[in-house]
Amino acid sequence: MTEKLTIDEAARIAEEAFAPYECKTKEVDDGDLLKVAVDVNGHLVDVNDLHKDIFTDKEVFLSKLELARQRMSDIGADFGEWRTG
């Protein structure tokens, strides 16, 4: 069974995933949605579709963040090493 995350844990992991860039997180719809936006070289990039069924499932959430990191790298982001735990 996969590990379940709280919205606060998911927000912390997202902030770590996009370091050293500024990552803003916001809880929306009474905790049903986690909004994540990253400032990449002056461009605010949203990480979409982080509904409760995604951010509470650690494996799915980490996969979604990794995909977003790859896409942001395509537009010039240079992320630090990310260790998920």
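- Scanning all heavy atoms of the two residues, the minimum distance from Lys64 to Asn48 falls at CE-O, 3.0 Å.
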I'd like a table of donor-acceptor pairs (distance under 3.5 Å, sequence neighbours excluded) in which one partner is a side-chain atom from residues 69-79, with atom names and distances.
unit_1 : atom_1 : unit_2 : atom_2 : d
Arg69  : NH1    : Ala17  : O      : 2.3
Arg69  : NH2    : Gly80  : O      : 3.3
Ser73  : OG     : Arg69  : O      : 3.0

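- In this structure, CD1 on Ile13 lies 11.5 Å from SG on Cys23, to the nearest 0.5 angstrom.
- Distance check, rounded to the nearest 0.5 Å: CG of Leu67 to CG of Leu62 gives 12.5 Å.
- Taking all atoms of both residues into account, the shortest heavy-atom contact from Lys52 to Thr56 is O-OG1, 2.6 Å.
- Phe61 is linked by a ring-ring contact (aromatic ring centres under 6.0 Å, His included) to nothing, counting only residues two or more places apart in sequence or in another chain.
- No path of Ile, Leu, Val, Met, Phe, Trp and Tyr side chains, each step under 4.5 Å between heavy atoms, connects Leu33 with Val36, placing them in separate hydrophobic clusters.
- Note that CG of Leu50 is 6.5 Å distant from CG of Leu65, once rounded to the nearest 0.5 Å.
- The shortest distance between side-chain heavy atoms of Asp57 and Lys4 falls below 4.5 Å.
- Take Thr6 and apply the side-chain contact (heavy atoms from CB on, under 4.5 Å) test, not counting sequence neighbours, and it matches Asp8, Glu9.
- Note that CD of Glu22 is 9.5 Å distant from CD of Glu15, once rounded to the nearest 0.5 Å.
- Once rounded to the nearest 0.5 Å, the distance linking NZ of Lys26 with CG of Leu34 reads 11.5 Å.
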Evaluate side chain to side chain contact (heavy atoms under 4.5 Å, CB included) for Tyr21 paired with Val45, printing each intermediate quantity in order. CA-CA 11 Å; Tyr21 298 94; Val45 180; over 6 Å; no
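- The CG atom of Leu5 sits 8.5 Å away from the CZ atom of Arg12 when rounded to the nearest 0.5 Å.
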